[in-house]
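Accompanying notes for the structure given below.
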Amino acid sequence: MYNVWIVDDEPFILEGLARLVDWTSLQLRLAGESEDGLLALQDMEASEAAVDILITDISMPEMNGIELIRACRSRNPALKCIILSGYSEFDYVREGMRLGIENYLLKPIDMEELAETLRATVEKLNRARIEALTGEQVELVRDNIMYRWMNGRISAEQWEARAEFLGLKLDSPCVLAAVAAWDAAGEACDAAAGDASAASSSSRPAGGSMPEACSPENIRSAASAWLGQTGRPHLLFLDDNDRLVILLGLPDAEAGTLRQAHSLLLALRRELGSPIRRPLRIGAGTAEIGFGQAPLSYRKAQTSLEYALLHPEKMLLAYEEVAAVSEDPSCGPARPSIQIETYGRLLLALDEEALLEKISRDLDELAGSSHVRPEDVRLGAAEMVLELKRQAGDALQQGDLPPFQGAAADLYRCNSLAELKEQVRRTARTALQALGARQEQSPVVRQILAEIQTSYMHDYSLKTLGAAYHVNPVYLGQLIHKETGHSFSDCLHRVRIDKAMELLRGTGMKTHDIAKAVGYWDTAHFYKHFKKLVGVPPSQFRRLV
C-alpha cells in the first residue's frame with residue numbers, strides 16, 4: 001500500500017475524493033487531508049505516514065500547489081504529485097511539468113481519469129521499488145507475485161500489471177505446471193560436491209535445511225539455466241514451502257506434446273537430483289490452453305504430488321494417472337486398520353524397535369489399500385500421532401506436555417510416505433523419551449505445561465507465569481527451552497494450533513471463531529502460525545481431512 005495525501009481548500013473536494021475513490025483496489029491508503037499548502041506541510045510533518053503520492057490544488061490562500069510540491073520534494077525527491085485546478089493556466093501547467101508531475105487534472109474532476117492516473121502512478125512506484133532491489137530481492141518479489149497469482153490471491157488485472165514490469169511472460173499457446181519437492185527423509189546434499197559421506201536422515205531431522213550450495217534458491221537457478229539451454233519457454237518460482245514450481249510453455253495440448261513435456265521434467269529431475277542427493281519428485285498438472293489457465297494446471301500438479309504418499313516408487317506423477325482416483329466420487333475415505341491399543345502397550349513397555357516397526361507396517365498397509373487417497377494416509381498418520389500423545393499423557397498422569405506438541409501439524413508438510421513414516425516414528429521416539437525423562441523434568445515446568453494444555457485460550461506470557469509461580473521470567477524461559485527444546489511461545493502456539501486442528505477436523509465452526517476459541521484474537525495472527533506449523537492454511541487443512 002502506498003500513502004496518499006490530498007490538499008484542497010474546498011471541503012467538498014476533499015470529502016468527495018475521500019469517499020468516491022476506491023483507494024484499496026488501487027493499492028493506496030488515504031493517509032491524510034489538508035485545506036491549505038502550509039497546513040499540509042505541518043500535518044504531514046506531524047503524521048507518522050511516509051507520503052508517496054500528493055494530490056494538490058493549485059490555487060490556495062497560504063501556500064499554492066506549486067510551492068507545496070517544491071517544499072515536499074526538498075524532503076522527498078521521489079514524491080509523486082498530481083495537480084488539480086479549476087482553470088487551465090499555461091504557466092502553472094508548464095511549471096508543473098518542469099517539476100515532473102504525473103498529471104494536471106481540471107475541475108470538475110473526471111473520476112475515471114483520476115483513477116487511471118493513480119493506477120499509472122502506482123505502477124511507477126512499483127517499478128521504482130523493483131529497480132532499487134538486488135537480484136535476490138527481485139527473485140523474492142517474483143516468487144511472491146507468482147505464488148499469489150497461482151493461488152488466486154490477486155486479480156487478473158493486478159497480475160497483468162505486475163507481470164509486465166517483472167518480465168513474467170510465457171509466450172506459448174499452452175501451459176503446463178509442475179511442482180518439484182525433495183524428500184527431507186532421504187539423503188542430504190553435501191555442500192562439497194563429490195563428498196560421498198553425506199549423513200543420512202537417521203542422523204539429522206527430517207525437514208532440516210540443506211547446505212547453501214543446495215538451497216532452494218540455488219536449485220531454482222540451476223533449473224532455470226538447464227531449461228534455458230533446452231529452449232523451452234518457462235517460468236519458475238518457489239512457493240511458501242520452498243518447493244520449485246515450473247511453468248512450461250507448450251505449442252499445443254496434444255498427447256504427444258504432453259509426453260515430451262513429461263520426458264523433459266524427468267530429465268530436469270535427473271539434472272537436479274545429483275547435487276541435491278535427496279529423492280526429488282515432480283507432480284505434473286494438465287496442459288491448459290492459454291496462460292490464464294496456469295493456476296488450474298498448478299492446482300492439479302499439487303494434487304498429483306500428493307499421490308507420492310501412495311506411489312513412493314514414482315518420481316514423476318502425472319495428473320492423468322491420478323485423476324481417476326482423485327475425481328471418483330465412489331472412492332470413499334478408507335479407514336486405517338490400526339490396532340490402537342497395541343501402540344499404548346508397546347509405548348508403556350518402552351519397546352522402541354517393535355513400536356517403530358508397527359508404525360511403518362501400518363502406514364505401508366494403509367497406503368496400499370484400494371481406493372485410498374493421500375488425505376486418508378495423512379489422516380491415519382495423524383491418528384497415530386494423537387494416540388501416541390494421548391498414551392504418553394495418560395502415562396504421565398498429571399497432563400504433562402511432552403515436547404512433541406505440534407507433531408500432528410508437521411505431518412501436513414511431508415512430501416512422501418518415507419517422510420510421513422519418519423515423522424510418526426520421531427513422535428514415537430519423543431514419547432518414549434518423555435516417559436523415560438519424566439522424573440528429570442522440574443515440577444514448575446510440568447505444572448506450566450499442564451496448565452497451558454487445558455487453558456491455552458488465555459493470554460499467557462513468561463512475565464505473568466513467572467509472577468504466578470514465583471520464578472524469574474528470564475530463568476523460566478531458559479528452563480522451559482532446556483527441558484522441552486522449544487521456547488515458551490512455541491509451546492503455546494503448538495498447543496493452540498493442535499486444538500485448532502481438532503476443531504477444524506471435528507466441528508463446523510468458522511475459522512475466525514476457532515481462532516478466538518484457541519486464544520488468537522487476531523485472525524491474521526492465527527493464519528500465520530497455523531500455516532507455519534501445519535504447512536497449509538486452515539481452509540485447505542479442513543478440505544484435506
Side-chain angles (χ1 to χ4, degrees), residues 1 24-25 29 144 147-148 150-155 239-241 295 299 302-303 306 332-333 335 373-390 393 399-402 404-414 423 427 448-465 468 484 486-545:
M1 287 280 187
T24 303
S25 70
R29 184 177 75 90
N144 179 263
Y147 180 74
R148 291 169 66 198
M150 289 295 120
N151 287 278
R153 297 183 184 177
I154 59 175
S155 67
D239 67 12
D240 60 346
N241 287 318
R299 289 193 294 273
Q302 289 178 302
T303 298
E306 281 286 302
R335 300 303 300 163
R373 293 176 175 176
E375 53 263 38
D376 303 326
V377 182
R378 291 194 194 277
L379 183 57
E383 290 183 354
M384 294 178 189
V385 165
L386 293 174
E387 177 62 17
L388 289 168
K389 289 167 61 177
R390 188 186 70 79
D400 302 72
L401 177 65
F404 52 79
Q405 199 69 45
D410 292 338
L411 298 173
Y412 290 86
R413 288 197 293 270
C414 295
Q423 183 59 51
T427 303
I448 288 174
L449 296 182
E451 180 177 337
I452 66 171
Q453 182 72 13
T454 56
S455 304
Y456 47 85
M457 70 292 298
H458 296 319
D459 188 16
Y460 283 109
S461 70
L462 286 172
K463 184 176 180 180
T464 57
L465 287 169
T484 69
H486 299 288
S487 68
F488 171 71
S489 62
D490 282 345
C491 288
L492 182 58
H493 287 309
R494 286 169 179 265
V495 172
R496 287 174 169 174
I497 296 306
D498 266 8
K499 297 299 181 182
M501 290 170 64
E502 291 178 14
L503 292 173
L504 286 165
R505 190 165 42 233
T507 74
M509 291 174 64
K510 294 181 179 179
T511 304
H512 66 269
D513 290 331
I514 290 176
K516 291 180 180 179
V518 299
Y520 294 99
W521 293 101
D522 181 355
T523 305
H525 197 49
F526 168 66
Y527 270 74
K528 172 186 173 183
H529 286 286
F530 193 97
K531 183 70 181 296
K532 177 182 177 181
L533 289 173
V534 181
V536 295
S539 56
Q540 186 176 344
F541 174 81
R542 177 168 262 165
R543 288 196 299 271
L544 287 172
V545 299

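What you are looking at is a predicted structure, and each value in this text was computed from that prediction instead of being measured.
- Taking each heavy atom of Val518 and Ala500 in turn, the nearest pair found is CG1-N, 3.8 Å.
- A distance-only check finds no donor-acceptor pair linking the side chain of Ser455 to the backbone of Ile452 [under 3.5 Å].
- Side-chain contact between Lys516 and Phe526 is absent, with no heavy-atom pair separated by less than 4.5 Å.
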Show your reasoning for whether side chain to side chain contact (heavy atoms under 4.5 Å, CB included) applies to Phe530 and Leu504. CA-CA 12 Å; Phe530 193 97; Leu504 286 165; 3.6 Å; yes
Decide yes or no on side chain to side chain contact (heavy atoms under 4.5 Å, CB included) for Glu451 and His458, but give the supporting numbers first. CA-CA 10 Å; Glu451 180 177 337; His458 296 319; over 6 Å; no
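- Atom CG of Leu533 and atom NZ of Lys528 lie 11.0 Å apart (nearest 0.5 Å).
- Residues passing the side-chain contact (heavy atoms from CB on, under 4.5 Å) test with Pro295, sequence neighbours excluded: Trp149, Met150, Arg299.
- More than 12 heavy atoms of other residues, nucleotides or ligands shown are found within 6.0 angstrom of CG on Asp522.
- Nearest approach of Tyr456 to Arg496, heavy atoms of both residues: O-NE, 2.7 Å.
- Side-chain contact between Thr427 and Met384 is absent, with no heavy-atom pair separated by less than 4.5 Å.
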Walk me through whether Arg505 and Leu379 qualify under side chain to side chain contact (heavy atoms under 4.5 Å, CB included). CA-CA 10 Å; Arg505 190 165 42 233; Leu379 183 57; 3.9 Å; yes
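- In this structure, the side chain of Asp498 does not engage the main chain of Val495 through any donor-acceptor pair within 3.5 Å.
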Stepwise side chain to side chain contact (heavy atoms under 4.5 Å, CB included) test for Arg148 and Asn144: CA-CA 6 Å; Arg148 291 169 66 198; Asn144 179 263; 3.2 Å; yes
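- Partners of Asp490 by salt bridge (charged side-chain N to carboxylate O under 4.0 Å, His left out), not counting sequence neighbours: none found.
- With contacts defined as side-chain heavy-atom distances shorter than 4.5 Å, the pair Tyr460/Ile448 does not qualify.
- In this structure, His529 and Arg494 have side chains that are not in contact, with every pair of non-hydrogen atoms separated by 4.5 Å or more.
- In this structure, Thr454 OG1 and Lys499 NZ are separated by 8.5 Å, a value rounded to the nearest 0.5 Å.
- Ring geometry, His525 versus Tyr520: the interplanar angle exceeds 60°, so the pair is classed perpendicular (tilted spans 30 to 60°).
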